[in-house]
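Here the structure is laid out as structure tokens; the discussion comes afterwards.
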There are 2 protein chains.
Amino acid sequence: MNEPAYGDGPRPRGDTRARIRQVALELFAEQGYEQTSLREIAERLGVTKAALYYHFKSKEDIVAAFTEDYGAEIDALIAWAAAQPRTTQARRELLDRYIGIVMGSSEVFRFLERNQAAVKGLEGGKRRFEQFRPRLEALVQILVGQQAPLRERVRATAALTAASMSCMFFMKDADDPEELRAIVLELASGLVDVPTPQLS
Amino acid sequence: MNEPAYGDGPRPRGDTRARIRQVALELFAEQGYEQTSLREIAERLGVTKAALYYHFKSKEDIVAAFTEDYGAEIDALIAWAAAQPRTTQARRELLDRYIGIVMGSSEVFRFLERNQAAVKGLEGGKRRFEQFRPRLEALVQILVGQQAPLRERVRATAALTAASMSCMFFMKDADDPEELRAIVLELASGLVDVPTPQLS
DNA sequence: GTCTATAGACGGATAGAC
DNA sequence: GTCTATCCGTCTATAGAC
């Protein structure tokens with residue numbers, strides 16, 4: 001998922017595509033997709049706009065380069081989870097894997113979070129960019145079932161969104177990612193698997 | 001907060017500014033700020049672009065028209081909460097009021113959520129558009145204190161974000177808003193005020 | 001693979017008539 | 001208050017030389 005780090009010497013040719021993807025992700029996540037022009041990306045890399053078009057056929061395609069991996073990971077998780085028995089143990093495992101994916105791709109997640117409107121408008125010609133909602137709903141359905149009462153659906157949705165948001169907010173300055181992960185998992189599990197707390 | 005509803009007759013003149021604000025909010029929330037041109041807003045209202053500029057001095061100013069009210073509500077909540085004792089009861093009351101604000105302005109919240117990148121880039125000349133983060137952090141600090149351990153800060157953050165997200169997701173097709181509100185409040189309260197569940 | 005140069009489109013904003 | 005007409009900037013994307 002991460003690019004190898006190089007020293008100060010001349011960068012090896014052939015990784016240009018990867019470097020474009022990386023710089024674009026950083027800028028898109030930080031400033032926004034619409035707020036970042038290809039000129040800016042090119043300048044940051046010390047090349048020209050036209051060079052970018054040698055590696056990617058459009059601005060949109062750069063986004064696809066880093067979101068498709070993330071989407072595939074979530075889809076794989078959904079496929080795996082759908083085949084599990086609906087037990088407390090399996091739900092916990094699902095949440096743990098989900099948190100792992102989000103923490104592992106936290107910058108992609110940040111990008112998606114802060115550019116929902118922009119991503120949604122990206123030529124869904126083949127529905128390439130249906131990132132958020134359908135996948136969230138699929139996971140909720142697996143966690144509590146389709147006909148679950150409102151309370152259970154709300155809590156499952158909250159568990160997933162809270163987990164992702166927490167990773168986003170605290171990953172940056174977390175000195176111990178494992179501690180954060182444990183906290184988030186406990187929090188999310190508690191939301192889906194505490195049947196009737198019944199506090200006033 | 002809502003505009004009065006009129007029949008089929010000719011609309012009363014003088015509410016044009018309010019109608020612009022309303023239509024803009026709908027389009028900005030649905031399609032995105034950058035994805036919505038002033039031409040589109042004008043067309044939807046049956047006027048021209050230039051007319052919009054009579055009522056608002058810029059596109060950015062239209063956004064300010066509906067976000068400033070929302071921001072003021074949150075700021076008032078922060079001021080109120082800062083003066084409360086730090087008790088379980090007060091925390092619950094804070095969350096309840098927060099949920100009330102979000103549910104009452106759920107479309108504004110949707111807009112802010114889906115256009116974070118765009119809003120951030122909006123000429124923060126006077127920091128008019130610092131909507132999300134600082135206010136969230138202020139509320140977290142009031143809920144658990146500044147020096148609270150990571151776990152408490154994460155859970156308080158999760159309580160607030162989960163509450164807002166849940167309102168956003170479920171307000172649309174909730175036949176009973178009060179039921180939703182109770183569910184969300186219970187969920188959020190449980191996150192900030194269950195000391196050591198210690199399940200494993 | 002990377003460059004220069006430019007096409008082609010669209011958006012925000014303004015001037016001035018009515 | 002609303003219109004027509006237009007300015008000016010920026011952006012994506014492409015053509016063609018090296």
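These numbers were taken from a predicted model, which means no experiment stands behind them. Just so it is clear, the values below take in all heavy atoms, side chains as well, and ignore hydrogens, waters and symmetry mates. Chain letters run A, B, ... following the sequence lines, proteins first, then strands; residues in each count from 1.
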Nearest to the side chain of [X] - [options]?
{"X": "B/Ser37", "options": "C/dG11, C/dA13, C/dA15", "result": "C/dG11"}
{"X": "B/His55", "options": "C/dA13, D/dA13, D/dG1", "result": "D/dG1"}
{"X": "A/Ala50", "options": "D/dA13, D/dC3, C/dT4", "result": "C/dT4"}
{"X": "A/Ala51", "options": "C/dT2, C/dA13, D/dT2", "result": "C/dT2"}

Just so I know, are the side chains of A/Thr157 and A/Val154 near enough to count as touching, which here means a heavy-atom distance under 4.5 Å? no

Are a donor atom and an acceptor atom from the side chains of B/Glu40 and B/Gln31 found within less than 3.5 Å of each other? yes

Return yes if a side-chain donor-acceptor contact under 3.5 Å exists between A/Tyr54 and A/Thr16, otherwise no. no

Is the Lys NZ or Arg CZ of B/Lys59 less than 6.0 Å from the centre of B/Tyr33's six-membered ring, within 45° of the axis? yes

Any B/Tyr53 side-chain N or O less than 4.0 Å from OP1/OP2 of C/dA13: yes

If you take atom types as modelled and just measure distance, does the side chain of B/Lys49 reach the base of C/dG12 with a donor-acceptor pair under 3.5 Å? yes

What nucleic acid atoms does B/Thr48 come within less than 4.0 Å of, heavy atoms only: base, sugar-phosphate, or nothing? base

B/Ile20 CD1 to C/dG12 P: how many Å, rounded? 14 Å

